[in-house]
Visitor: 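Dropping a structure here in structure tokens format, bear with me for questions.
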Amino acid sequence: MNIRDLLEERISKAISTLAGSPAKAMLARSSRPEFGDYQANGVMSVAKKLKRNPRDLAQELVQSIQLDGIAEKLEVAGPGFINIWLSKNFLSDSLCNQEQLLTNTAHTETVVIDYSSPNLAKEMHVGHLRTTIIGDSIARVLTQLGHKVIRQNHVGDWGTQFGMLLTYMQDQTDNLDEYDNKLADLENFYRAAKARFDSEPEFARRARTRVVALQAGDEETLKAWKQFINTSLSHCQTIYQQLDVQLSPDDVMGESAYNDDLQNIIADLQQKQLLVESHGAKCVFLEEFTNKQGEPLPVIVQKSDGGFLYATTDLAAIRYRFSKLHADRALYIVGAPQILHFQQIFALAKKANFIPEGCEITHHPFGSILGKDGRPFSTRKGGVEKLGNLLDEAEQRAYTLVAAKNPELGEEDLRLIAKTVGIGAIKYADLSKNRTGDYIFDWDQMLSFEGNTAPYLLYAYSRIQSLFRRGNINFDEIKAEVITTTTYEHQLAVNLLGFQEVVELVARDALPHQLCNYLFDLASCYMRFYEHCPVLSAEKTLSHSRLILCKKTAETLKAGLYLLGISTVERM
RNA sequence: GCGCCCGUGGCUCAGUUGGAUAGAGCACCUGGCUACGAACCAGGGGGUCGGGGAUUCGAAUUCCUCCGGGCGCACCA
């Protein structure tokens with residue numbers, strides 16, 4: 001249940017009636033406890049329009065608002081705020097009768113989400129971290145709210161570099177079964193191939209012929225290419241598993257998949273009279289984008305040599321997603337440097353009618369990961385950090401930390417906890433920052449058990465589990481009623497009921513850090529409650545009430561972390 | 001040159017339909033374990049929200065301008 005929406009709807013109705021025209025209540029969580037649980041901020045602007053005293057209008061409104069059984073007190077404050085205190089019964093009933101933490105949103109849609117999309121010519125590196133885990137989280141959130149989610153891993157599996165790689169491979173072996181072996185270190189393989197390509201004209205010539213053969217569909221080349229792609233993909237799959245990201249080979253829809261459709265895109269644009277030839281290249285000019293001289297900027301869809309570009313492929317993908325996959329929304333989780341590219345492609349796609357009326361296409365850009373020095377994140381030697389190495393290091397560091405904190409853990413438990421904490425820390429550090437900005441990658445900060453980190457949240461969860469073990473609790477025997485005697489219990493109850501609100505917000509804006517902030521707030525709120533309200537030693541009714549709060553907190557933390565792609569541990 | 005993003009305590013970050021006294025965490029200082037896990041909690045100091053204008057009941061948030069940093073702008077992806 002979404003309490004904010006419920007209040008928004010009721011109070012908006014009252015304001016609109018009073019104003020004689022539609023008006024919004026502008027509901028938000030109260031900024032401070034003494035201002036109640038929720039506050040309506042919409043009265044002031046309405047009063048202005050009506051040329052009325054805002055406090056009088058608010059007072060009148062308070063009389064007419066129907067919130068029986070939901071709120072126990074409404075108060076006009078300041079220049080015209082309406083502060084709302086939720087009723088104790090409402091809180092108790094909502095928590096106890098809640099069958100599931102999250103319910104489906106009113107309108108469920110088909111949502112296509114494009115994320116991860118590594119280049120298969122190389123190994124995955126830190127540059128793929130953000131798109132992969134942000135995309136995974138958003139996919140989980142949308143799925144949880146009942147949407148039909150179609151993941152699209154638009155891998156780079158086509159283009160000139162594969163001519164080079166396949167030629168280099170050919171010189172190593174012509175046995176497809178040996179590819180696994182040769183590509184064990186894909187990064188080195190790529191470097192070696194590139195070195196030969198740059199230094200040996202004869203090799204470069206063969207590489208170019210190989211590209212032509214590949215694009216012409218030469219059977220033998222295609223077979224080798226396919227094997228190469230599969231091997232490289234299995235590297236990615238290893239990373240996805242280590243990251244606990246819900247991407248499978250079924251989600252792969254690489255650049256090559258659109259190869260046969262590119263000519264059709266050109267023909268389609270031609271037929272729609274959007275195509276212009278300029279300097280031998282086929283372009284579409286968009287007035288809304290201008291170049292250095294203030295002239296319209298072209299989107300080149302076919303090079304003067306006849307080759308296609310990634311703009312062409314992206315257009316084909318857009319058309320496919322709306323016409324074949326029947327997307328209502330298409331999301332792109334791709335880095336900020338590509339903002340202009342997507343603006344152009346989306347504008348062009350709209351012009352070409354690739355996006356049906358009422359459908360939505362959005363780019364959700366993200367910033368870069370920086371080192372502690374504020375420079376782009378890299379290895380000590382200055383190279384690009386491989387994602388696999390980074391994840392291994394996270395697990396290693398977490399292992400050392402957890403082993404030191406809790407020496408009684410067995411090796412097997414320790415391994416599992418280190419994995420959950422280490423990978424969780426990396427993901428959470430990323431997801432908890434506003435997606436749009438850059439952020440600084442800091443091992444000590446993300447692995448700290450204090451502050452807004454994965455370890456702190458996991459600790460809060462495991463501490464609740466520990467309480468249940470200690471009390472030997474059987475929830476079938478727990479009386480279903482929540483009594484909010486203290487402010488700690490009250491705050492916790494209200495926070496718990498705000499879960500749906502924040503998840504819907506994340507689904508709308510694709511900003512997972514809002515969920516992180518919520519969970520951290522919830523965990524802190526729980527810790528305060530826990531320190532001040534004895535649970536097991538309280539008298540029975542109160543003890544039961546508090547146990548329900550504990551249980552709901554644990555469930556919400558677990559569900560929330562799941563939506564971030566982070567699993568929980570029962571002890572740590 | 002044009003366009004986009006960023007600038008908030010010493011550090012890392014919240015603050016997105018304009019709302020009440022700009023919030024957390026780290027670090028620093030003080031207090032709390034014979035105690036349901038102190039990996040915690042309670043409290044304290046620390047801010048001209050890059051500068052300056054404008055809009056209004058009200059601006060970190062909107063607009064303009066300047067400064068500083070990053071990125072992108074025709075045949076790579």
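It should be emphasised that the depicted structure is a prediction, and the values quoted were computed from it without experimental measurement. Below, all heavy atoms of this structure are taken into account, side chains as well, without hydrogens, waters or symmetry copies. Labels below follow one simple rule: chain letters A, B, ... track the order of the sequence lines, proteins then strands, and each chain is numbered from 1.
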Visitor: Using a heavy-atom cut-off of under 4.0 Å over every strand shown, decide if A:Leu536 touches base, sugar-phosphate, or nothing.
Guide: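 Here A:Leu536 touches the bases of the nucleic acid.
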Visitor: Between A:Asn452 and A:Ala523, name the one whose nearest nucleotide on RNA chain B is closer to the 5' end.
Guide: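 It is A:Asn452 whose nearest nucleotide is closer to the 5' end.
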Visitor: Given A:Phe520, which partner from the list A:Tyr459, A:Tyr526, A:Tyr456 fulfils the ring-ring contact (aromatic ring centres under 6.0 Å, His included) test?
Guide: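 Testing A:Phe520 for a ring-ring contact (aromatic ring centres under 6.0 Å, His included) against A:Tyr459, A:Tyr526, A:Tyr456 leaves exactly one candidate, A:Tyr456.
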Visitor: With heavy atoms under 4.0 Å as the rule, sort A:Asn406 into base, sugar-phosphate or nothing.
Guide: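 Result for A:Asn406 = base.
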Visitor: Tell me the partner of B:A54, counting only Watson-Crick (N1-N3 plus N6-O4 or O6-N4) or G-U wobble (N1-O2 and O6-N3) with both under 3.5 Å; none if nothing fits.
Guide: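 The base-pairing partner of B:A54, which may sit in any strand shown, is B:U62.
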Visitor: Given 3.5 Å as the limit, does a donor-acceptor pair link the side chain of A:Arg130 with the main chain of A:Gly367, or not?
Guide: yes
Visitor: For A:Arg528 and A:Gln39, take the nucleotide of RNA chain B holding the closest heavy atom to each; which residue's nucleotide lies nearer the 5' end?
Guide: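 It is A:Gln39, whose closest nucleotide lies nearer the 5' terminus.
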Visitor: In whole angstrom, what separates A:Leu557's CG from B:A39's C1'?
Guide: 15 Å
Visitor: Using atom names, set out every protein N or O paired with an N or O of nucleotides 72-76 of chain B below 3.5 Å, distance rounded to 0.1 Å.
Guide:
unit_1, atom_1, unit_2, atom_2, d
B:A74, N1, A:Ser278, OG, 2.8
B:C75, O2, A:Ser304, N, 2.9
B:C75, N4, A:His279, O, 2.9
B:C76, OP2, A:Lys303, NZ, 2.9

Visitor: Is A:Tyr332 reaching over with its side chain to a backbone N or O of A:Pro365, donor-acceptor style, under 3.5 angstrom?
Guide: no
Visitor: Please work out which of the three classes, parallel, tilted or perpendicular, describes the rings of A:His363 and A:Phe342, given edges at 30° and 60°.
Guide: tilted
Visitor: Do NZ/NE/NH1/NH2 and the carboxylate oxygens of A:Glu555 and A:Lys551 come within less than 4.0 Å?
Guide: yes
Visitor: Say we look at B:G23 and B:G45: how far apart would their P atoms be, to the nearest angstrom?
Guide: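 Per the computed distance, 13 Å lies between those P atoms.
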Visitor: I want to verify a distance call: between B:A39, B:U21, B:G19, whose nearest atom is closest to the A:Glu34 side chain?
Guide: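 Taking heavy atoms from C-beta onward, the closest nucleotide is B:U21.
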Visitor: Side chain of A:Phe81 only, please: which of B:A20, B:C41, B:U21 is the nearest?
Guide: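 Out of B:A20, B:C41, B:U21, the nucleotide with an atom closest to A:Phe81's side chain is B:A20.
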Visitor: Going by atom types alone, do A:Arg29 and A:Asn495 pair a side-chain donor with an acceptor below 3.5 Å?
Guide: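 There is such a pair (donor and acceptor under 3.5 Å, judged by atom type) between the side chains of A:Arg29 and A:Asn495.
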Visitor: Using the P atom as the reference point in each nucleotide, state the distance between B:G51 and B:G7 in Å, no decimals.
Guide: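 Here B:G51 and B:G7 have their P atoms 13 Å from each other.
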Visitor: Are A:Phe35 and the base of B:A20 stacked, counting only ring centres nearer than 5.5 Å and planes tilted under 30°?
Guide: yes
Visitor: Distance between the C1' atoms of B:U12 and B:A27, in whole angstroms?
Guide: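 Going atom to atom, C1' in each nucleotide, I get 11 Å.
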Visitor: Should B:C71 form a Watson-Crick or G-U wobble pair with both distances under 3.5 Å, which nucleotide is its partner?
Guide: B:G3
Visitor: Counting only Watson-Crick pairs (N1-N3 plus N6-O4 or O6-N4) and G-U wobbles (N1-O2, O6-N3), all under 3.5 Å, who is the partner of B:C26?
Guide: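 Base partner found: B:G10.
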Visitor: Can you tell which of B:C6, B:A20, B:C41 lies closest to the side chain of A:His532?
Guide: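 Side chain of A:His532 sits closest to B:C41.
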Visitor: Rounded to whole angstrom, note down the P distance from B:U62 over to B:G15.
Guide: 13 Å
Visitor: Using the C1' atom as the point on both nucleotides, what is the distance between B:A38 and B:G31, in whole Å?
Guide: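 It comes out at 13 Å once rounded to the nearest Å.
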Visitor: Counting any heavy atom closer than 4.0 Å, what does A:Lys433 reach on the DNA or RNA strands: base, sugar-phosphate only, or nothing?
Guide: sugar-phosphate
Visitor: Within the 4.0 Å heavy-atom criterion, would you say A:Glu450 contacts the bases, only the backbone, or no part of the nucleic acid?
Guide: sugar-phosphate
Visitor: Does B:G37 have its OP1 or OP2 closer than 4.0 Å to a side-chain nitrogen or oxygen of A:Arg470?
Guide: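 Checking B:G37 against A:Arg470, a side-chain N or O does come within under 4.0 Å of OP1 or OP2.
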Visitor: Would you mind classifying the nucleic acid contact of A:Ile440 as base, sugar-phosphate or nothing, using non-hydrogen atoms under 4.0 angstrom?
Guide: sugar-phosphate
Visitor: CZ of A:Phe529 versus C1' of B:G37: gap in Å, rounded?
Guide: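 Checked: the CZ to C1' distance equals 15 Å.
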Visitor: Considering every strand and a 4.0 Å limit on heavy-atom distances, what is the contact class for A:Leu458: base, sugar-phosphate, or nothing?
Guide: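 A:Leu458: no heavy atom of the nucleic acid under 4.0 Å.
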Visitor: Under a 3.5 Å cut-off for both distances, is B:A38 Watson-Crick or wobble paired, and to whom?
Guide: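 Because no pair has both required distances under 3.5 Å, B:A38 counts as unpaired.
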Visitor: Ignoring hydrogens, what is the shortest heavy-atom contact between A:Ala316 and A:Leu262? Give both atom names and the distance.
Guide: CB-CD2, 4.1 Å
Visitor: On a whole-Å scale, what distance lies between the P atoms belonging to B:A24 and B:G46?
Guide: 15 Å
Visitor: Given that both distances must come in under 3.5 Å, which nucleotide forms a Watson-Crick or G-U wobble pair with B:U17?
Guide: none
Visitor: Categorize A:Ser462 for me: base, sugar-phosphate, or nothing, with a 4.0 angstrom heavy-atom threshold over every strand shown.
Guide: base
Visitor: Any base atoms under 4.0 Å from A:Tyr530, or only sugar-phosphate, or nothing? Heavy atoms, all strands.
Guide: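 Counting heavy atoms under 4.0 Å across all strands, the contact made by A:Tyr530 includes a base.
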Visitor: Less than 4.0 Å between a side-chain N and a carboxylate O, is that true for A:Arg546 and A:Glu489?
Guide: yes
Visitor: Contact class for A:Arg52 (heavy atom, under 4.0 Å): base, sugar-phosphate, or nothing?
Guide: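 Answer is nothing: A:Arg52 stays at 4.0 Å or more from every strand.
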Visitor: In terms of the angle between their ring planes, are A:Tyr320 and A:Tyr258 parallel, tilted or perpendicular, with boundaries placed at 30° and 60°?
Guide: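 Ring orientation, 0 to 90° scale: perpendicular.
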Visitor: What does A:Lys24 touch in the nucleic acid at a heavy-atom separation under 4.0 angstrom: a base, only the sugar-phosphate, or nothing?
Guide: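 Base, at least one base heavy atom under 4.0 Å.
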Visitor: So A:Ala77, base contact, sugar-phosphate only, or nothing? Heavy-atom distance under 4.0 Å.
Guide: base
Visitor: Would you tabulate the nitrogen or oxygen pairs shorter than 3.5 Å linking the protein to nucleotides 43-46 of chain B?
Guide:
none

Visitor: A:Cys516 near the nucleic acid: base, sugar-phosphate alone, or nothing, with a heavy-atom cut-off under 4.0 Å?
Guide: nothing
Visitor: Under a 3.5 Å cut-off for both distances, is B:C33 Watson-Crick or wobble paired, and to whom?
Guide: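 Base partner found: none.
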Visitor: Distance check: side-chain N/O of A:Asn434 vs OP1/OP2 of B:G15, anything under 4.0 Å?
Guide: yes
Visitor: So what does A:Gln343 hit on the nucleic acid, given a heavy-atom distance under 4.0 Å: a base, only sugar-phosphate, or nothing?
Guide: nothing
Visitor: Can you tell which of B:G37, B:C4, B:C40 lies closest to the side chain of A:Tyr456?
Guide: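 Nucleotide nearest to A:Tyr456's side chain: B:C40.
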Visitor: When the C1' atoms of B:U8 and B:G25 are compared, how many Å lie between them, rounded to an integer?
Guide: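 Per the computed distance, 15 Å lies between those C1' atoms.
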Visitor: Spell out, as yes or no, whether a donor-acceptor pair under 3.5 Å connects the side chain of A:His125 to the backbone of A:Gly127.
Guide: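 Yes; judged by distance alone, with no hydrogens or angles, the pair exists.
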Visitor: If the P atom of B:U34 is compared with that of B:G47, how far apart are they to the nearest Å?
Guide: 38 Å
Visitor: For A:Asn83, report the nucleic acid contact type (base, sugar-phosphate, nothing); a contact means any heavy atom under 4.0 Å.
Guide: base
Visitor: Sequence neighbours left out, what passes salt bridge (charged side-chain N to carboxylate O under 4.0 Å, His left out) with A:Asp198? Give chain and number order.
Guide: A:Lys194
